[in-house]
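One structure below.
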Protein chains: 2
Amino acid sequence: MQYGGGSKWIAVIFMKKNKSNRLSKPVMPQETTRKLAETFKVLGDPTRTRIIYALSMEELCVCDIAGLLGAEQSVVSHQLRVLRNMNLVKYRRDGRVVYYSLDDEHIKNLFDECLRHVNML
Amino acid sequence: MQYGGGSKWIAVIFMKKNKSNRLSKPVMPQETTRKLAETFKVLGDPTRTRIIYALSMEELCVCDIAGLLGAEQSVVSHQLRVLRNMNLVKYRRDGRVVYYSLDDEHIKNLFDECLRHVNML
DNA sequence: TGTATGTATGAACATACGTACATATATTAT
DNA sequence: ATAATATATGTACGTATGTTCATACATACA
């Protein structure tokens, strides 16, 4: 701890800080941080990022996504499952074609906010 | 491509879609998507998420962050470097203590938006 | 019923990544 | 100058992760 263990006075200060809810208890419930991190992690893969972005434009089927990304169908399918499991995308089946779209509008906002950060908006 | 290769008519349709800027060119510059994904990935680790969240409250030195997270100093230091490299945090030195804080306000917005998604706000 | 098409999934592999441990650097105090 | 404290960094290691290839499943069509 900062300057801790130097003298008794310092030790007292350290204890005060501990009691003042700064150093003793974690800033945020670990459960919440875990979910946050998990969501960010899912968005943190180039393939998935591009899929999400494509879906932010329009509903698309798996093969169209693969075409857009120039990726193999199996890659897209695998990653769509990841996005599905995180409730980031939803899907509907029409015959043998499965159409995917974004699950809620928060993701688009996330993207825009992140774009602002990387100075691309 | 969807229903492609069936007949010449279908092939024509496919070519039209290709020219209409839907299937031919990628939805977003790969450079931009790469940066986006990189940023999300950096936020997608529980340790870094907790660091960012702590810093969203107040400026903190390395040892205080380590105390808050119950993590080793070296772990925090390593992850702070990652955050530094992505321009997510900035720092200032005061004696032998280095204080870290968020680099811009977009990150807080990112967090809030993500919290809304995981239904915690 | 059999074939073709669209999608999902399993296994294997290479690689990326987070952490722990040791150690180096920087600054302050004695 | 030496010791102590705060931080940074290098290495090693176990694990997680994305992709590839093969294959299974589901639906439409002949």
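Because only heavy atoms are used, hydrogens play no part in the values below, and waters and symmetry mates are left out as well, while side chains stay in. In what follows, every chain begins at residue 1, and chains take the letters A, B, ... in the order their sequences are listed.
- Atom C1' of nucleotide D:dG18 and atom CD of B:E38 are separated by 16 Å, given to the nearest angstrom.
- Applying the 5.5 angstrom centroid cut-off and the 30 degree plane-angle cut-off, the aromatic ring of B:H78 is stacked upon the base of D:dT9.
- Here the side chains of B:K41 and A:K41 are not in contact, with every heavy-atom distance at 4.5 Å or above.
- Considering only side-chain N and O atoms, B:T47 lies under 4.0 angstrom from the phosphate OP1 or OP2 of C:dT19.
- Side chain to side chain, A:R92 and A:Y100 fail the donor-acceptor criterion of an N or O pair below 3.5 Å.
- The nearest whole Å value for the distance from the CZ atom in B:F40 to the P atom in C:dC17 is 17 Å.
- Between the OH atom of A:Y99 and the P atom of C:dA8 there is a distance of 13 Å, rounded to whole Å.
- Rounding to the nearest 0.5 Å places CD of A:E113 at 4.0 Å from CZ of A:R116.
- Listed in residue order, the members of residues 80-90 of chain B having a heavy atom less than 4.0 Å from DNA chain D are B:R81, B:R84.
- For the residue pair B:Y99 and B:R93, no side-chain donor N or O sits within less than 3.5 Å of a side-chain acceptor on the partner.
- Between the CD1 atom of A:I65 and the C1' atom of C:dG6 there is a distance of 13 Å, given to the nearest Å.
- As a whole-Å value, the separation of A:L60 CG from C:dT7 C1' is 15 Å.
- Not a single donor-acceptor pair, N or O on each side, falls under 3.5 Å between the base of D:dA6 and the side chain of B:Q73.
- Using a 4.5 Å heavy-atom threshold, the side chains of A:I107 and B:H117 count as touching.
- A:D94 places its CG atom 12 Å from the P atom of D:dT27, with the value rounded to the nearest Å.
- Comparing C:dA8, D:dA4, C:dG18 by their nearest atom to the side chain of B:R96 picks out D:dA4.
- Rounded to whole Å, atom P of C:dT23 lies 15 Å from atom CD of B:E72.
- Where A:R93 and A:S74 each meet DNA chain C at their nearest nucleotide, the meeting point lying more 5' is that of A:R93.
- Contacts of A:V98 with the nucleic acid, taken as non-hydrogen atoms under 4.0 Å apart, involve only primed sugar atoms and P, OP1 or OP2.
- Between the CD1 atom of B:I51 and the P atom of D:dT7 there is a distance of 13 Å, given to the nearest Å.
- Rounded to the nearest 0.5 Å, atoms CG (B:D45) and CZ (A:F40) are 12.5 Å apart.
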Could you tabulate the donor-acceptor pairs under 3.5 Å formed by side-chain atoms of residues 66-77 of chain B, not counting sequence neighbours?
none

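- Using a 4.5 Å heavy-atom cutoff, the side chains of A:T39 and A:M86 are in contact.
- Considering only side-chain N and O atoms, A:Y100 lies under 4.0 angstrom from the phosphate OP1 or OP2 of C:dA8.
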Using a cutoff of under 3.5 Å, can you pull out all pairs of nitrogen or oxygen atoms linking the protein to nucleotides 12-17 of chain D, with atom names and distances?
unit_1, atom_1, unit_2, atom_2, d
D:dT17, OP1, A:K41, NZ, 2.7

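- Interatomic distance, CE of B:M57 versus OG of B:S101, reported as 15.0 Å (0.5 Å rounding).
- Atom CG of residue A:L80 and atom CG of residue A:L60 lie 10.0 Å apart, to the nearest 0.5 angstrom.
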